[in-house]
Amino acid sequence: MMIKVTFKATLLFMAVGLFAACFNDNFTEVNKKEAKKTSQETTQGVKFTINDTKASAKSRVVVNEDGTKTRTIFTHTPGQGADAFWVTSDFIWVQDKTGTWQKSMHTELHDGGASAEFTLPGVISDYADGCAVRYTGTYGTGTELQITNYQVNYTPNDFSMGDMKGDCGVGVARATGNPIKFNFTLNHLVSYLCFLPRCTNAELGKNILLKNINITATPAVSGGSSALAGIFHFSADGQHLEGDRQLQNKTDLPITDFPLTNTTDNQALNACYAMVPAGYYNFTIRYSVNDVTTGVYGTFIKQINNVVCDEGVINDFRVDIASGFKNYSSKYYMWDVNTANDDAWHNYEAFQPTVSGQQETAHYPSNPADWRWHNTLPYPVQATRHSSLAPSVNGIRWIVERAETWYDEETAWTTMGHLYKGGVWVKLPTGYTDAVAPNGQDYRSNSLDGHIFNGYTHQVRPTNTTGLLYFPLLGWYENGKLIDVGKRVGYWTSSSRPEVGYTYVLYFTNQNNMDVSNPYWKRTYALKNLTLTGNIE
């Protein structure tokens, strides 16, 4: 789909009286005469009139999240995204008979910028029938185009900043009729990217803002270009762009806090635009968001390969922000409750604290008559119900003593409508077993204290996470109070402690500490069950 803009130019000789009408009747005669003189001087030259918007998309390619592409036909309502109105700072370049590129020196807008009239220097005889016309945006010239690698999106669904990002179009002028009229068809040489974010996790969408989109390109074909920004010159025939210098394969789109409260595409709410050279690319796209409550800034990556960026075509990239972050459920349990439906806030989710420090006691389980109550059998009982599949105290001794571990403060995840970071990667050690601890003891029944602590092997996210287990710092509840999400976590094991009413827990923190718990973790606390399958709930 080509984006075409038609220019119609004519040499206009405007009567002085038309300009006089623009001035207030209270002006003196001297002021009126001076105004006439200034207007005449301003409008001298060759007039080129365009009866269309600066850029107007007629079709687009929709790039779905799975990489499939759908070509559709559409027309945006002017001002709603793919139409860009002319502004007085716009200018064009026209090649005169000497081969010199002349820059327009005055722009007059009509219909609010839906059309415009450009004044070029000289007289009509300076320009030949078939003369070349170029539009190269704010930073271009008649021979070069600059596509910037820093394309700020200040306003949602605003396509009007193309002149500052590197929009470009070329055409030729044909003189027809009397008075002389120049008709232009301007073919755009850059390709347009439109990003359409949404957040299908509605609770999360209420709390996060879109902050940045970063695009990195590699060639999708051998010998192809990966340049997304830099200085470009025109091909010998003037109909295409070619990389020249200061070329970069990355483009950054800073975004001024666009909301993500939409669960379906909503251009008016948060559509973002970029301009890139036409080409055939593999795109690595990084989306960054910020949680206004937790203050966490999270980024995730989408890889989209074999993207055809044709000249004048808009590629729409649909993305579900929620899909970029692992979401953990709001279910926390007392130890070894009856079933998975007996979480601490079951049937009372509306009262559940969702931010650390919040507390609600009226609907938190408080006595054995509550169906959400923990297993009350004494040591050395092992879990027989909902915590029965968790590792034993012996197993977590292997993890704390022998496992290779990585503390990760980069990976972002979500829970209860908020964005967090903080977690530990674990590589289970050789010899791991639930039957006995590394020292040969069985703490499930020997009445000895199985408590032990250790630091992490590494303080950085692993470069390769294949085969590793990840444990997010999901916090826990004490008497209805949510504790330290993103900072600490305790996971239930299947083993009770010798002390009445306590259970062994695998404990991780963001302070280089993990341990097999001492007698702190009461069965009345609400935690997540530990699992070594990689499927923390």
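What's counted below: heavy atoms across the whole structure, side chains too, no hydrogens, waters or symmetry copies. Remember, predicted model here, so these are calculated numbers, not experimental data.
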Heavy-atom closest contact (K528 atom, S329 atom, distance): NZ-O, 2.8 Å
Over all atoms of both residues, closest heavy-atom pair of L269 and N262: CD2-OD1, 3.3 Å
Under the ring-ring contact (aromatic ring centres under 6.0 Å, His included) test, residues paired with H363 that sit two or more places apart: Y348, F351
T466 and N464: side chain donor to acceptor below 3.5 Å: yes
4.5 Å side-chain heavy-atom contact, C272 and I213: yes
Note, R461 side chain near T411 side chain (heavy atom, < 4.5 Å): yes
Aromatic ring pairing F300/Y287, orientation class (parallel under 30°, perpendicular over 60°, tilted between): parallel
Would you confirm whether the ring centroid of [Y] sits within less than 6.0 angstrom of the ring centroid of [X]?
X	Y	answer
Y507	F471	no
Y504	W521	no
Y192	Y273	no

Face-on cation placement of K326 at Y328 ring, 6.0 Å and 45° thresholds: yes
Within 6.0 Å of NZ in K250, more than 12 heavy atoms from elsewhere: no
Pair H458-Y407, ring-ring contact (aromatic ring centres under 6.0 Å, His included): steps then yes or no: CA-CA 6 Å; H458 312 280; Y407 176 69; over 10 Å; no
Salt bridge flag under 4.0 Å for residues D449 and R497: yes
